[in-house]
Amino acid sequence: MKAAVITFPGSNCDSDIARVLSDFYSAKVDRVWHKDQFSEKYDLVILPGGFSYGDYLRSGAMAPFSPVMKSVKEHTDRGGKLFGICNGFQILAEAGYLPGALIRNRNLKYVCKTVGLKKASDSNKISGKLGKDQVLRVPVAHGDGCYFASEDIRKQLKDEGRILFLYADENPNGSLDNIAGICSPDFKVSGMMPHPERAMNPITGEMDGKTVLDLVIGA
Amino acid sequence: MFIARINVTLKESVLDPQGSTVKSTLHELGENSVQDVRVGKYIEVKLDSPDLETAQKTVTSLCEKLLVNHVIETYRSEIIPG
């Protein structure tokens, strides 16, 4: 597998996701600076977590205008997979790849903890394979993770099986309908607030992040 | 030269936890006439435009492209000679 991990000014989870891709999937991983463009045919492009452009103006608002996003568009036009984690999810929403917006956590607190995730429906091509009551334990770390979209959009996401994950036991940010991540209509573009790359360490035994990535990469 | 004063606020339909918190504190101060508080942001842009109409068009474009996320926010702006 060939993957690209984009680094924006302020990205800070780029090394983490690049390492798990090469360690666990033997992926050939290229690190791409946001000012560069690429013509390589990647299987997967990752927009990592962090604070692109310092979260100035709004989380993820400036990154869509980085030169690399032209190449990212060509990648998705070719049918390549695009996965945004945390700030990457915020960027995908701001860039219009995914509907809705990520707004300030309802309790105004930055939240950093491990939460439970479950599938929303069998029809989601990525998470639908999970068991009915299967709960994955994956960390979140964000201040702007409350998913907001109009009722119509949320109904559409539900009807089309495009909800990637729901928060299972507690909702850490006040996200509407407990939404933790969503997908594009063709399931090629997906984004989620929790950090699977932070739950992929055999030493600590926290490996549920690998289940998440297996699903995203395999779908 | 013109100065655009742009006020961005969350739409009425979007929960504004900052506004709610400020309202609660104002109530604790005994300011019970306060019905609602919305916290937004103020952006000031200096523009080198030939006339007011062009400046207005530019400001609309800036807000459409970047300054305002229309999923969650709304804005109003005024332009003054600067």
Side-chain angles (χ1 to χ4, degrees), chain A residues 8 52-67 69-70 87 89-111 142-157 171-179 182 191, chain B residues 2-29 31 34-48 55-79 82:
Chain A
F8 297 95
S52 57
Y53 295 84
D55 277 358
Y56 299 153
L57 193 63
R58 297 180 307 276
S59 300
M62 252 87 88
F65 304 101
S66 282
M69 293 305 280
K70 253 183 94 173
N87 188 236
F89 182 22
Q90 293 162 342
I91 294 168
L92 290 175
E94 282 282 344
Y97 278 100
L98 297 173
L102 282 311
I103 60 174
R104 186 69 56 91
N105 292 350
R106 196 165 288 208
N107 62 6
L108 294 174
K109 286 180 185 160
Y110 188 95
V111 57
H142 58 247
D144 297 328
C146 175
Y147 181 74
F148 175 88
S150 68
E151 209 173 328
D152 290 352
I153 296 283
R154 295 192 326 267
K155 183 176 184 304
Q156 190 184 358
L157 289 172
N171 181 334
N173 49 40
S175 201
L176 295 184
D177 298 346
N178 298 318
I179 291 171
I182 56 171
Chain B
F2 294 92
I3 293 172
R5 296 167 166 172
I6 304 161
N7 282 288
V8 184
T9 48
L10 286 168
K11 284 181 183 169
E12 285 294 328
S13 56
V14 180
L15 182 84
D16 175 6
Q18 282 174 289
S20 309
T21 307
V22 173
K23 184 177 88 172
S24 308
T25 307
L26 288 171
H27 284 174
E28 278 165 28
L29 292 172
E31 299 290 353
V34 174
Q35 297 297 297
D36 194 24
V37 178
R38 308 286 290 174
V39 174
K41 61 189 137 194
Y42 172 70
I43 304 171
E44 200 170 272
V45 182
K46 202 174 265 185
L47 296 157
D48 183 12
Q56 185 62 65
K57 272 187 187 153
T58 306
V59 169
T60 303
S61 163
L62 302 180
C63 290
E64 292 294 327
K65 279 186 199 155
L66 177 68
L67 300 181
V68 180
N69 180 337
H70 296 277
V71 176
I72 47 171
E73 293 171 331
T74 180
Y75 76 101
R76 59 192 163 74
S77 61
E78 61 163 345
I79 299 174

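In what follows, every chain begins at residue 1, and chains take the letters A, B, ... in the order their sequences are listed.
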*Mind ranking B:L15, B:T21, B:L66 by heavy-atom pairs under 4.5 Å with chain A and telling me who comes out on top?*
B:L66
*Counting only heavy atoms closer than 4.5 Å, note whether A:N107 contacts chain B via side chain, backbone, both or neither.*
neither
*asked:* Classify the ring geometry of A:F89 against A:Y147: parallel below 30°, tilted from 30° to 60°, perpendicular beyond 60°.
replied: parallel
*Close side-chain approach of A:I91 and A:F8, heavy atoms under 4.5 Å*: yes
_Using side-chain contact (heavy atoms from CB on, under 4.5 Å), reason through B:L47 and B:I3 one step at a time and then give a plain yes or no._
CA-CA 6 Å; B:L47 296 157; B:I3 293 172; over 6 Å; no
_Part of B:Q18 lying under 4.5 Å from any heavy atom of chain A_ = both
*With only heavy atoms counted, which part of A:I103 is less than 4.5 Å from chain B, the side chain, the backbone, both or neither?*
side chain
_Proximal component of B:S20, with respect to chain A [non-hydrogen, under 4.5 Å]_ = neither
*Is a side-chain N or O of A:N105 found less than 3.5 angstrom from the main chain of A:H142, in a donor-acceptor match?*
yes
*Can you find a pair of side-chain heavy atoms, one from B:V14 and one from A:F148, that are under 4.5 Å apart?*
yes
